[in-house]
Every structure is written in C-alpha cells, then in structure tokens.
Amino acid sequence: MLKIILLTGATDGIGLETAKKLASMGHTLLLHGRNETKLNDIVKNLSALPETGIIESYICDLSNLNDVRSFAHQVMKRHQKIDVIINNAGIYKTANTITSEGYDIRFVVNTFAPYLLTQMLSPLLDKEARVVNLSSAAQSPVNLLAMEGKQELSDGDAYAQSKLAITMWSRYLGIMNKEMGPIFIAVNPGSFLASKMVKDAFGVAGNDINIGVSILVRAALDPDFSDATGKYYDNDNAAFASQHPDALDNKKCERIVKSIELTIDKLNL
C-alpha cells in the first residue's frame, strides 16, 4: 500500500538516498530541505524517475522554530493525513553553534525541531502511522542546563546529548501513545556512514550509506516494526537493542520532555 511520507533533511546523505528509494516505490513524498535550489533540483530529478509518486517540497530552517511552525502549517493546509514522518535532519558541526536565541544548534535541530514538527502534525497521524526518529550510537546523558541554553558543550557532547534526548522523547511518547498511536521508533541507522555529516565531522569517507537507507525504509514500512513503539533499533547490530539507562528511566524521560516543551514555549516568538 502506498504511503504519504514526510522526510526531513532530504537534500544530502541518508535523507537523499532514502528519498530516492521511497520515490522509486511510488510513495507520495513530502521532502524537506534548507537549500531551495538543491531541493528543487532533487524534486525535479526524482519526478523524472519511472514509477515515482507525487513529490512535494518544503523549505525550512530547522534551527528556527518559527520556521518549523510555518513548515507544519504548510503541510496541514495540503494534507489531512500523513502515514510516516522520518525525522532524519541533523547537525553535528557548524561554524555557529549557538542560535540567535542562545541555544545550542544541535539541540534545536536534532531534538526540539523534530519534537515540535511531530507534535504539530499529530492530528494527521492515526494509530498505524509511524514516526521514525534518527538517533545514533553516540549518546550521552543530557545536561539540562546545556539543553536549556545555560551552558556550552563541545561538538561531540552536544551531538551525543541531543541524540539521547530524541531517543528519550521517542520512548516517552511511544509509551504515552501506545494505545492511540502513532508508533514512535528511534533508529541508529549505522555508525560512520558515508554522509556529509560524517565527512565534515570526522574527515572520513564512511561506510556504505545504503546500510542506513535500508533500515529507514524498513522502519517506515515493514510490518516487523508495527509493534515497535517506544523501542530503539541499533543498526550496528541489526536488531532492536536495550536503550541507554536514562532512556529507560521514565522520570528522566518526562523531565526531558517537559524541558523541551518549556523551551519551545519560550521560543514561540
């Protein structure tokens, strides 16, 4: 059955290759990117492929939560239902790590933006819908002061903490919405894949990016993931895995979610 799938970060790396794979399967794709020229070129190229379904493009700077709100409103104006959200977009290293509002950009892009986007689009998600959140093998306990913009972190620490934070809110919302849906799944697509992020951050070519593409497509569509809400899939081991101890602590997960929501409220300018 063909699906309506929203994919963030579709102009590079795993996102781009996942978009190509899903397009070839005929699904309707709502592709997000920050660079309008790149995104338009990708939509044009994908639309020319055989068996391609409908492809839409949405420009949004995920480091600006007002932009995220506008993005969500645009989607809601055009659609009454979404079957899958793949929160793929992420950032590790950048010249300006602190946003104009004083928050670490890794937390804003990797944690806050996908939370806000998913919550705003939740009326379009039914019980069987899936939210696939990109996690990572790199996860570190979250410093709430840093997440709330009161303490600076190194690139590696900020990235690892932001990835544990998205894993924690995935599990929390998975548990809270277990009966009503949607399905929330956190996925480590594989370590050191050949993405722009890995090349920029570590200066290495990386492993076959299709390792990551394959698991994202499976998490979005495969029946084996239909009862995986709140779970964490570690593609380095090709299996569902025990989560970081903090992600298994319901009180810590709740604190993370409350902190995210308070921060988003503060940034509702």
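The figures here come from the full heavy-atom set of this structure, side chains too, leaving out hydrogens, waters and symmetry mates.
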For [X] versus [Y], what's the shortest heavy-atom pair and its separation?
X	Y	answer
A220	V84	O-CG2, 3.5 Å
L164	A247	CD1-CB, 4.4 Å
L117	A72	CD1-CB, 4.0 Å

How about [X] and [Y]: do any of their side-chain heavy atoms sit closer than 4.5 Å?
X	Y	answer
E36	N40	yes
V131	S170	no
Y58	L39	no
V75	L121	yes
M147	L144	yes
L29	I54	no
L216	L134	yes
N88	I14	yes

Donor-acceptor under 3.5 Å ([X] side chain, [Y] main chain):
X	Y	result
S214	I211	no
N64	N66	yes
H32	C60	yes
N45	D41	yes
D222	D224	yes
T8	A89	yes
N143	A146	yes

Do [X] and [Y] sit in one hydrophobic cluster, given that two such residues count as connected whenever their side-chain heavy atoms are within less than 4.5 Å of each other, even indirectly?
X	Y	value
L2	L22	no
L262	V108	no
L248	F184	no
I166	I175	no

[atom1] of [X]: more than 12 outside heavy atoms within 6.0 angstrom?
X	atom1	answer
R34	CZ	no
L145	CG	yes
K127	NZ	yes
M176	CE	no
Q151	CD	yes

What residues, two or more places apart in sequence or in another chain, satisfy side-chain contact (heavy atoms from CB on, under 4.5 Å) together with [X]?
X	value
S47	V43, I55
A129	L125, D126, P182
A241	Y232, D234
S136	A138, Y159, K163

Taking only residues two or more places apart in sequence or in another chain, which ones pass side-chain hydrogen bond (donor to acceptor under 3.5 Å, both in side chains) with [X]?
X	value
R171	N250
T111	none
D61	S63

(request) Using ring pair (Phe, Tyr, Trp, His ring centres under 6.0 Å) as the criterion, list what pairs up with F107, not counting sequence neighbours. (result)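 Not a single residue meets the ring pair (Phe, Tyr, Trp, His ring centres under 6.0 Å) criterion with F107.
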(request) Output all residues satisfying ring pair (Phe, Tyr, Trp, His ring centres under 6.0 Å) with Y103, sequence neighbours left out; order by chain, then residue number. (result)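 With sequence neighbours excluded, Y103 shows a ring pair (Phe, Tyr, Trp, His ring centres under 6.0 Å) to no residue whatsoever.
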Using 0.5 Å steps for rounding, measure from the [atom1] atom of [X] to the [atom2] atom of [Y].
X	Y	atom1	atom2	value
I59	F71	CD1	CZ	9.5 Å
N87	L62	CG	CG	8.5 Å
R106	D157	CZ	CG	9.5 Å
I215	N210	CD1	CG	13.0 Å

Short side-chain donor-acceptor distance under 3.5 Å, [Y] and [X]:
X	Y	result
E148	S259	yes
T97	D155	no
N235	N188	no

(message) Taking salt bridge (charged side-chain N to carboxylate O under 4.0 Å, His left out) as the definition, give me every residue that meets it alongside K252, ordered by chain and number, with sequence neighbours left out.
(response)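 So K252 forms a salt bridge (charged side-chain N to carboxylate O under 4.0 Å, His left out) with D246.
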(message) Between F225 and Y233, is the ring centroid distance below 6.0 Å?
(response)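 Distance test on ring centres: under 6.0 Å, yes.
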(message) Run the side-chain contact (heavy atoms from CB on, under 4.5 Å) test on Q243 and Q139 for me, step by step, so that the C-alpha distance in whole Å, both residues' side-chain angles and the decisive distance to 0.1 Å come before the verdict.
(response) CA-CA 10 Å; Q243 303 200 40; Q139 298 181 25; over 6 Å; no
(request) Can you run down the side-chain hydrogen bond (donor to acceptor under 3.5 Å, both in side chains) pairs that involve residues 17-28, sequence neighbours left out, and say none if there aren't any? (result)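 Residue pairs with at least one partner in residues 17-28: E17-K20.
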(request) Would you list the pairs meeting side-chain hydrogen bond (donor to acceptor under 3.5 Å, both in side chains) in which at least one residue belongs to residues 72-83, sequence neighbours left out? (result)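 Pairs touching residues 72-83 that pass the test: E56-H79, S70-Q74, K81-D83.
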(request) Kindly determine whether T94 and I105 satisfy side-chain contact (heavy atoms from CB on, under 4.5 Å), including the steps that lead there. (result) CA-CA 9 Å; T94 184; I105 197 169; 3.7 Å; yes
(request) Test side-chain contact (heavy atoms from CB on, under 4.5 Å) on L116 and T118 and set out the steps. (result) CA-CA 5 Å; L116 175 60; T118 301; over 6 Å; no
(request) Take Q161 and L153 through the test side-chain contact (heavy atoms from CB on, under 4.5 Å) and record every step on the way to the result. (result) CA-CA 10 Å; Q161 291 186 33; L153 298 172; 3.6 Å; yes
(request) Carefully, step by step, assess N133 and T167 under the rule side-chain hydrogen bond (donor to acceptor under 3.5 Å, both in side chains). (result) CA-CA 8 Å; N133 286 332; T167 305; over 6 Å; no
